[in-house]
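Here the structure is a predicted model, which is why all the values come from computation and not from measurement.
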Amino acid sequence: MSTQPKAGAVLFAKDVARLAAFYAQVLAVVPKHAEAEKVVIEAQDFLLVIHAIPPAVSANLQIVSPPVLRENVPVKLFLPVRSLAQARISAHGLGGGLKPVEAEWGAADFRACDGFDPEGNVVQFREAQPAAALAS
């Protein structure tokens with residue numbers, strides 16, 4: 001019996017190891033596959049591949065701390081976390097961040113908050129929340 005591959009995304013990185021560690025720790029998962037040029041992070045319903053930017057491009061890309069946010073791009077990932085509060089703590093300790101609690105919002109069965117990774121990619125993190133909790 002065959003199954004469909006999981007949905008996912010590829011995120012290009014200057015520092016593959018650092019970005020992979022960020023996402024694995026914030027998402028509280030263990031990478032499924034790792035090599036110098038790419039790391040595959042698997043969560044229950046998706047795969048995130050952190051892939052090296054080609055050296056010719058990477059040589060001209062400077063990452064500062066805190067990173068300059070890449071807000072003017074046509075795509076923003078949203079990823080599940082067990083807890084926005086824990087993700088906020090983990091992200092900050094790993095060179096990224098999440099907006100403050102006041103910026104969180106809820107819909108359907110989740111709470112969401114925008115954040116960023118150590119290379120400045122803007123990403124939204126979402127935690128599951130029962131619909132009844134949103135009504136209060």
Side-chain angles (χ1 to χ4, degrees):
M1 178 164 99
S2 68
T3 60
Q4 289 282 4
K6 291 182 178 183
V10 176
L11 188 58
F12 290 93
K14 180 174 176 93
D15 186 339
V16 171
R18 182 176 188 205
L19 213 56
F22 173 85
Y23 283 103
Q25 290 181 42
V26 172
L27 301 177
V29 297
V30 175
K32 178 180 183 173
H33 173 84
E35 56 187 74
E37 297 293 313
K38 66 179 146 295
V39 175
V40 178
I41 296 170
E42 182 174 24
Q44 183 175 350
D45 297 321
F46 76 96
L47 295 173
L48 179 61
V49 179
I50 308 298
H51 196 291
I53 294 173
V57 176
S58 180
N60 297 316
L61 181 61
Q62 183 178 18
I63 305 295
V64 296
S65 184
V68 175
L69 300 187
R70 299 174 183 155
E71 296 177 299
N72 296 321
V73 296
V75 175
K76 176 170 57 174
L77 296 176
F78 63 88
L79 302 170
V81 293
R82 292 185 182 120
S83 160
L84 288 173
Q86 185 58 50
R88 187 174 282 108
I89 293 166
S90 296
H92 179 73
L94 296 163
L98 268 74
K99 289 184 177 180
V101 173
E102 299 79 33
E104 292 180 9
W105 59 277
D109 57 354
F110 65 86
R111 285 201 58 75
C113 191
D114 285 355
F116 60 93
D117 68 26
E119 294 198 1
N121 299 298
V122 176
V123 60
Q124 184 177 95
F125 296 101
R126 295 180 176 185
E127 70 179 8
Q129 183 168 344
L134 294 172
S136 53

Identify the heavy atoms of [X] and [Y] that sit nearest to each other, and give their distance.
| X | Y | answer |
| --- | --- | --- |
| Gly8 | Phe46 | CA-CB, 4.5 Å |
| Ala20 | Ile50 | CA-CG1, 4.0 Å |
| Arg18 | Gly95 | NH2-CA, 3.7 Å |
| Ala91 | Gly97 | CB-N, 3.8 Å |

[Y] reachable from [X] in the ILVMFWY side-chain graph, under 4.5 Å edges:
| X | Y | answer |
| --- | --- | --- |
| Val10 | Ile41 | no |
| Val16 | Leu77 | yes |
| Leu27 | Val49 | no |
| Val29 | Phe125 | yes |

Flag the pair [X] / [Y] as yes when at least one side-chain heavy-atom distance between them is below 4.5 Å, and no otherwise.
| X | Y | value |
| --- | --- | --- |
| Leu98 | Leu84 | yes |
| Phe22 | Pro118 | yes |
| Asn121 | Leu19 | yes |
| Pro31 | Val40 | no |
| Gln25 | Leu94 | yes |
| Tyr23 | Leu11 | yes |
| Phe78 | Val123 | no |
| Val81 | Leu79 | no |

Charged N to carboxylate O under 4.0 angstrom, Glu104 versus Arg88?
->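 Salt bridge: yes.
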What do you reckon, is [atom1] of [X] surrounded by more than 12 foreign heavy atoms closer than 6.0 Å?
| X | atom1 | answer |
| --- | --- | --- |
| Arg82 | CZ | no |
| His92 | NE2 | no |
| Glu37 | CD | no |

His51: ring-ring contact (aromatic ring centres under 6.0 Å, His included) partners, not counting sequence neighbours |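 Result, ring-ring contact (aromatic ring centres under 6.0 Å, His included) vs His51: Phe12.
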N/O donor-acceptor pair under 3.5 Å between [X] side chain and [Y] backbone:
| X | Y | answer |
| --- | --- | --- |
| Gln124 | Lys76 | no |
| Ser58 | Pro54 | no |
| Glu119 | Asp15 | yes |
| Lys14 | Leu61 | yes |

Under the salt bridge (Lys or Arg N to Asp or Glu O under 4.0 Å) test, residues paired with Glu42 that sit two or more places apart =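 Once residues adjacent in sequence are excluded, the partners of Glu42 under the salt bridge (Lys or Arg N to Asp or Glu O under 4.0 Å) criterion are Lys6, Lys32.
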Members besides Leu69 in its Ile/Leu/Val/Met/Phe/Trp/Tyr cluster (side-chain heavy atoms under 4.5 Å) |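 Cluster partners of Leu69: Phe116, Val122.
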Distance from Arg111 atom CZ to Trp105 atom CH2, nearest 0.5 Å?
->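 Rounded to the nearest 0.5 Å, the CZ-CH2 separation comes out at 9.5 Å.
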